Amino acid sequence: MCRSIKTLRPPAIPEKATEEEIHAAALQYVRKVSGFRAPAAHNQEVFDAAVDAVAEATRDLLDGLRVRGAAAVPAAAAAPA
């Protein structure tokens with residue numbers, strides 16, 4: 001497993017993962033699987049599409065997870081004042 005990818009769900013992080021955190025994790029995953037830190041120009045499109053797909057799957061996963069013992073926080077209460 002890529003050590004640069006951090007856990008993005010509570011209680012590992014106190015709040016919902018940001019888009020930047022999700023994108024960074026997706027990028028690290030695609031880099032690890034493809035073996036390319038930066039793809040050649042002829043692979044850039046498929047590389048970027050893979051990062052987007054992994055980020056979307058990550059969002060879906062995090063939105064669907066139910067963590068035992070985690071207190072449900074209403075959306076209004078979670079929003080900053």
Side-chain angles (χ1 to χ4, degrees):
M1 185 62 179
C2 187
R3 294 176 191 254
S4 299
I5 301 173
K6 66 180 189 174
T7 302
L8 297 179
R9 67 161 179 84
I13 61 173
E15 300 173 1
K16 186 175 179 177
T18 66
E19 285 300 312
E20 290 173 352
E21 291 170 319
I22 291 171
H23 183 269
L27 178 59
Q28 287 300 320
Y29 176 81
V30 172
R31 284 176 173 169
K32 183 70 167 186
V33 170
S34 70
F36 295 114
R37 180 165 185 346
H42 62 274
N43 287 327
Q44 189 68 52
E45 186 176 340
V46 71
F47 189 91
D48 292 343
V51 172
D52 292 343
V54 171
E56 183 176 343
T58 301
R59 270 186 237 94
D60 291 346
L61 172 65
L62 293 174
D63 289 345
L65 288 176
R66 300 293 173 246
V67 181
R68 282 193 219 184
V73 179

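In this chain, numbering begins with 1 at the start of the sequence shown. All figures in this text were calculated on a predicted structure; none of them were measured in a lab.
- Only one option out of Asp52, Asp60, Val54 pairs with Glu56 in a side-chain contact (heavy atoms from CB on, under 4.5 Å); it is Asp60.
- Ile22 forms part of a hydrophobic cluster together with Leu8, Leu61, Leu62, Leu65, judged by ILVMFWY side-chain heavy-atom separations under 4.5 Å.
- Closest non-hydrogen pair, Phe36 versus Phe47, comes out as O-CE1, 3.8 Å.
- The line from CZ of Arg59 to NZ of Lys16 is 9.5 Å long, rounded to the nearest 0.5 Å.
- A chain of hydrophobic side-chain contacts below 4.5 Å, direct or via other Ile, Leu, Val, Met, Phe, Trp or Tyr residues, connects Val51 to Val33.
- For the side-chain hydrogen bond (donor to acceptor under 3.5 Å, both in side chains) condition, the pairs that include at least one residue of residues 35-46, sequence neighbours left out, are Gln44-Asp48.
- When all heavy atoms of Ala26 and Ala55 are compared, the pair lying nearest together is CB-N, 3.6 Å.
- Legend: residues meeting salt bridge (charged side-chain N to carboxylate O under 4.0 Å, His left out) with Arg9, ordered by chain and number and at least two apart, are absent.
- Thr58 is not listed as a side-chain neighbour of His23, based on a closest heavy-atom distance of 4.5 Å or more.
- One finds the CD atom of Gln28 at 12.0 Å from the NZ atom of Lys6 (value rounded to the nearest 0.5 Å).
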